[in-house]
Student: 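Here's a structure for you.
Here the structure is a predicted model, which means the values were calculated and not measured.
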Amino acid sequence: MSSRKFFSLDHGCKPADLRIEPKSAIKPIVCIDGSSIDGTIYYQADWIMEPLTQEGLVKHDSDKLLVFLGTDPDDHEALGADVELWLENDKLTLTETCVVFVPKGVAHGRMSVKNVRRPFINYFCLMNSSFYQAEPAEASAPAGTYAGNVVVKYEPVDGYLPPAPEGFLTRLIWLDGVKLAGAPYMEAVRFHTRNDEGPEMHAHDFDELIGFLGMDPQNPDELHGEVTLYIDGETVGFTKSCVAYIPRDIMHSPILVPRLDQSIFHFSGGNGGDYARRDEENKDSFRA
């Protein structure tokens, strides 16, 4: 079984029509769906280059994560733009690197991006679907229902921070079902240096996406570095922005960075609310 069946190393699917105007405001990075990799979680990442609007509200038959990543190397919390987004009857105003949790069936949209001071990355995942499907929706929930569905900063409720070599990364966002009731697991970090260590080989009881995005908006495909990932018996190396789909119970990691010329965004997320894993020494039990 080739590990490459799990990867989208380029535009593995046709990006969804998000009804954004002007079209020139976004620059696609990478996309993955069931036509490119069977059974995957749907994922789409874009650079936001200039102000834009997105009319109307939609809903999905899936939980959704909307992630906004600022790109200022000196201030990773600043988004570099002002974003307004509606969840039902709640208007969210986003100015920081963050993730927005949109539960299945919740009307959302009417996004407006203003005051773009530097390009930033926007990606989203449909956690329970392999394809992008949306239908028009109307807001019906009382105001205040979803006002708290935004998470900023990497602050797990239990305070635990996974170990990492000094200076290797900046932790950006952490989300799980403890942090926000009903939410799936997701985290994002930024790599700054080479690294010849990585998480021990492990598997999960949920499906997972693992991705790496370059930080050059003029060349969105390029990582400006090299990353290797062990998955299902093989080690795969790549130098392009990409996302890998890891089905539940598939052994994967370590993640190594033999070359890095420019910072790289790394994210992972899955359709389980608790980050639990099993390693080779504990094959029959999952642990945090």
Student: Test H266 against I210 for side chain to side chain contact (heavy atoms under 4.5 Å, CB included), laying out the working first.
Tutor: CA-CA 8 Å; H266 165 54; I210 296 179; 3.5 Å; yes
Student: When rounded to the nearest 0.5 angstrom, what is the spacing between NE2 in H224 and CG in N219?
Tutor: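 The CG atom of N219 is 5.0 Å from NE2 of H224, to the nearest 0.5 Å.
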Student: Enumerate the salt bridge (charged side-chain N to carboxylate O under 4.0 Å, His left out) contacts for residues 112-128, please, sequence neighbours excluded, ordered by first and then second residue.
Tutor: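 Every pair satisfying salt bridge (charged side-chain N to carboxylate O under 4.0 Å, His left out) with a residue in residues 112-128: D82-R117, E84-K114.
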Student: Applying a strict under-4.5 Å side-chain criterion to I, L, V, M, F, W and Y, I'd like to know whether F212 and V189 cluster together.
Tutor: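 The answer is yes; both residues are in one hydrophobic cluster.
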Student: Would you sort out whether E200 and S253 count as a side chain to side chain contact (heavy atoms under 4.5 Å, CB included), showing the intermediate values?
Tutor: CA-CA 6 Å; E200 64 187 358; S253 283; over 6 Å; no
Student: Are L175 and F68 linked, directly or through other ILVMFWY residues, by side chains that come within less than 4.5 angstrom of each other?
Tutor: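 No, L175 and F68 fall in different hydrophobic clusters.
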Student: Is the backbone of T239 close enough, under 3.5 Å, to the side chain of E226 for a donor and an acceptor to pair up by distance?
Tutor: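 No; zero donor-acceptor contacts below 3.5 Å.
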Student: Quick one: salt bridge (charged side-chain N to carboxylate O under 4.0 Å, His left out) pairs with a partner in residues 69-78, sequence neighbours left out?
Tutor: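 Pairs touching residues 69-78 that pass the test: E77-K153.
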Student: If you look at every heavy atom in M127 and C125, which pair is closest and at what distance?
Tutor: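 Reported closest heavy-atom pair: SD-CB, 3.4 Å.
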Student: So do the side chains of V116 and M49 get within less than 4.5 Å of each other, counting heavy atoms only?
Tutor: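 Side chain of V116 against side chain of M49, heavy atoms only: no contact under 4.5 Å found.
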Student: Pairs in or reaching into residues 246-265: which pass ring pair (Phe, Tyr, Trp, His ring centres under 6.0 Å), with residues at least two apart or in two chains?
Tutor: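 For residues 246-265: H202-H252, H204-H252.
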Student: Holding to side-chain contact (heavy atoms from CB on, under 4.5 Å), I want the full list of residues that pass it with Q54, two or more places apart in sequence or in another chain.
Tutor: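 So Q54 forms a side-chain contact (heavy atoms from CB on, under 4.5 Å) with L18, I20, M111.
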Student: With rounding to the nearest 0.5 angstrom, report the OH to OG1 distance, Y245 to T40.
Tutor: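 The distance works out to 6.0 Å.
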Student: Considering only residues two or more places apart or on different chains, which pairs with a residue in residues 44-56 satisfy salt bridge (charged side-chain N to carboxylate O under 4.0 Å, His left out)?
Tutor: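 Listed once each, the pairs would be none.
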Student: Given side chains that start at C-beta, do those of P199 and R277 come closer than 4.5 Å, heavy atoms only?
Tutor: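 When only atoms from C-beta onward are counted, R277 and P199 do touch, with a gap below 4.5 Å.
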Student: Please report the shortest heavy-atom distance between F206 and A276, naming the atom on each side.
Tutor: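 Heavy atoms of F206 and A276 come nearest at CE2-O, 3.9 Å.
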Student: What is the distance from atom CD1 of I26 to atom CD of Q44, rounded to the nearest 0.5 Å?
Tutor: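 So the gap between those two atoms works out to 7.0 Å.
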Student: According to a 4.5 Å side-chain heavy-atom criterion applied to Ile, Leu, Val, Met, Phe, Trp and Tyr, with indirect links allowed, do V113 and V67 form part of one hydrophobic cluster?
Tutor: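 Looking at the clustering, V67 is in a separate group from V113.
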Student: With a 4.5 Å heavy-atom cut-off, do D221 and S241 have their side chains touching?
Tutor: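 SC-SC contact between D221 and S241 ruled out.
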Student: Could you please spell out the steps behind the side chain to side chain contact (heavy atoms under 4.5 Å, CB included) verdict for Y42 and C13?
Tutor: CA-CA 10 Å; Y42 183 89; C13 68; 4.2 Å; yes
Student: Are the side chains of V227 and I255 in contact, using a 4.5 Å heavy-atom criterion?
Tutor: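 Side-chain contact under 4.5 Å: yes.
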Student: Are L256 and F238 in one and the same hydrophobic cluster, where Ile, Leu, Val, Met, Phe, Trp and Tyr link if side-chain heavy atoms are under 4.5 Å apart?
Tutor: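 Different clusters: L256 never reaches F238 through Ile, Leu, Val, Met, Phe, Trp or Tyr contacts under 4.5 Å.
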Student: Quick one: does D207's side chain have a donor or acceptor within less than 3.5 Å of a partner on P247's backbone?
Tutor: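 No.
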Student: Quick check: do N89 and P142 have side-chain heavy atoms less than 4.5 Å from each other?
Tutor: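 Side chain of N89 against side chain of P142, heavy atoms only: no contact under 4.5 Å found.
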Student: Among residues at least two apart in sequence or on other chains, which ones pass side-chain contact (heavy atoms from CB on, under 4.5 Å) with E21?
Tutor: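 Checked E21 against side-chain contact (heavy atoms from CB on, under 4.5 Å); matches are K23, T53.
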Student: Would you give the length of the straight line joining atom OG1 of T95 to atom CG of N115, rounded to the nearest 0.5 angstrom?
Tutor: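 If we round to the nearest 0.5 Å, T95:OG1 and N115:CG are 11.0 Å apart.
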Student: Quick one: closest heavy-atom pair of W47 and M215, and the distance?
Tutor: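 Reported closest heavy-atom pair: CZ2-C, 3.6 Å.
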Student: For E222, which residues count as a side chain to side chain donor-acceptor pair (under 3.5 Å) partner, sequence neighbours excluded?
Tutor: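 For E222, the residues satisfying side chain to side chain donor-acceptor pair (under 3.5 Å) (neighbours in sequence not counted) are K240.
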Student: May I ask you to test the F120-P217 pair for a side-chain heavy-atom distance under 4.5 Å?
Tutor: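 No; the side chains remain at least 4.5 Å from each other.
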Student: Could you tell me whether the side chain of R278 reaches within less than 4.5 Å of the side chain of M251, counting heavy atoms only?
Tutor: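 A side-chain contact exists here, since the closest heavy-atom pair is under 4.5 Å.
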Student: Suppose we screen for salt bridge (charged side-chain N to carboxylate O under 4.0 Å, His left out). Which residues come up paired with R259, at least two apart in sequence or across chains?
Tutor: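 With neighbours one apart ignored, the set is D261.
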Student: Kindly assign one of parallel, tilted or perpendicular to the pair Y132 and H60, based on the angle between their ring planes and the thresholds 30° and 60°.
Tutor: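 Answer is perpendicular, since the angle exceeds 60°.
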Student: Tabulate below the donor-acceptor pairs under 3.5 Å that side-chain atoms of residues 165-173 make, not counting sequence neighbours, or state none.
Tutor:
{"from": "T170", "atom 1": "OG1", "to": "H192", "atom 2": "NE2", "distance (Å)": "2.6"}
{"from": "R171", "atom 1": "NH2", "to": "P162", "atom 2": "O", "distance (Å)": "2.3"}

Student: Write out all pairs satisfying side-chain hydrogen bond (donor to acceptor under 3.5 Å, both in side chains) with one or both partners inside residues 174-189, taking only residues at least two apart or from two chains.
Tutor: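 Qualifying pairs, neighbours excluded: Y154-E187, W174-D176, Y185-E187, Y185-S268.
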Student: Rounded to the nearest 0.5 Å, what separation is found between the CG atom of L79 and the CG atom of N122?
Tutor: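 Separation between the atoms: 9.0 Å.
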Student: Tell me every residue that passes ring-ring contact (aromatic ring centres under 6.0 Å, His included) with Y43, counting only those two or more places apart in sequence or in another chain.
Tutor: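 By the ring-ring contact (aromatic ring centres under 6.0 Å, His included) rule, Y43 matches Y123, F267.
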Student: Provide the closest heavy-atom pair for Y146 versus A141 in the form atom of the first, atom of the second, distance.
Tutor: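 So the two residues come closest at CE1-CB, 3.9 Å.
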Student: What is the minimum heavy-atom distance between D63 and G182, and which atoms define it?
Tutor: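 Heavy atoms of D63 and G182 come nearest at OD2-O, 4.3 Å.
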Student: Would you say that D158 contacts V178 through its side chain, given a criterion of any heavy-atom pair below 4.5 Å between the two side chains?
Tutor: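 Side chain of D158 against side chain of V178, heavy atoms only: no contact under 4.5 Å found.
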Student: Which atoms form the tightest heavy-atom contact between L92 and A147, and what is the distance?
Tutor: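 Closest approach of L92 to A147, heavy atoms only: CD2-O, 3.8 Å.
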Student: About how many Å separate CD1 of I41 and CG of N128, when rounded to the nearest 0.5 Å?
Tutor: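 If I round to the nearest 0.5 Å, the distance is 8.0 Å.
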Student: When you measure from the side chain of N195 to the backbone of V257, do you find a donor-acceptor pair of N or O atoms at a distance under 3.5 Å?
Tutor: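 Not a single qualifying donor-acceptor pair exists.
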Student: Would you kindly confirm whether V83 and L52 end up in one hydrophobic cluster when ILVMFWY residues are joined by side chain heavy atoms under 4.5 Å apart?
Tutor: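 They do share one cluster, since a chain of ILVMFWY contacts under 4.5 Å joins V83 to L52.
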Student: Please list, one pair per line, the donor and acceptor atoms closer than 3.5 Å that link side chains of residues 97-109 to other protein atoms, with sequence neighbours excluded.
Tutor:
{"from": "T97", "atom 1": "OG1", "to": "G70", "atom 2": "N", "distance (Å)": "2.9"}
{"from": "T97", "atom 1": "OG1", "to": "H76", "atom 2": "O", "distance (Å)": "2.8"}
{"from": "K104", "atom 1": "NZ", "to": "D61", "atom 2": "OD1", "distance (Å)": "3.2"}
{"from": "H108", "atom 1": "ND1", "to": "V58", "atom 2": "O", "distance (Å)": "3.1"}
{"from": "H108", "atom 1": "ND1", "to": "V106", "atom 2": "O", "distance (Å)": "3.0"}
{"from": "H108", "atom 1": "NE2", "to": "K64", "atom 2": "NZ", "distance (Å)": "3.1"}

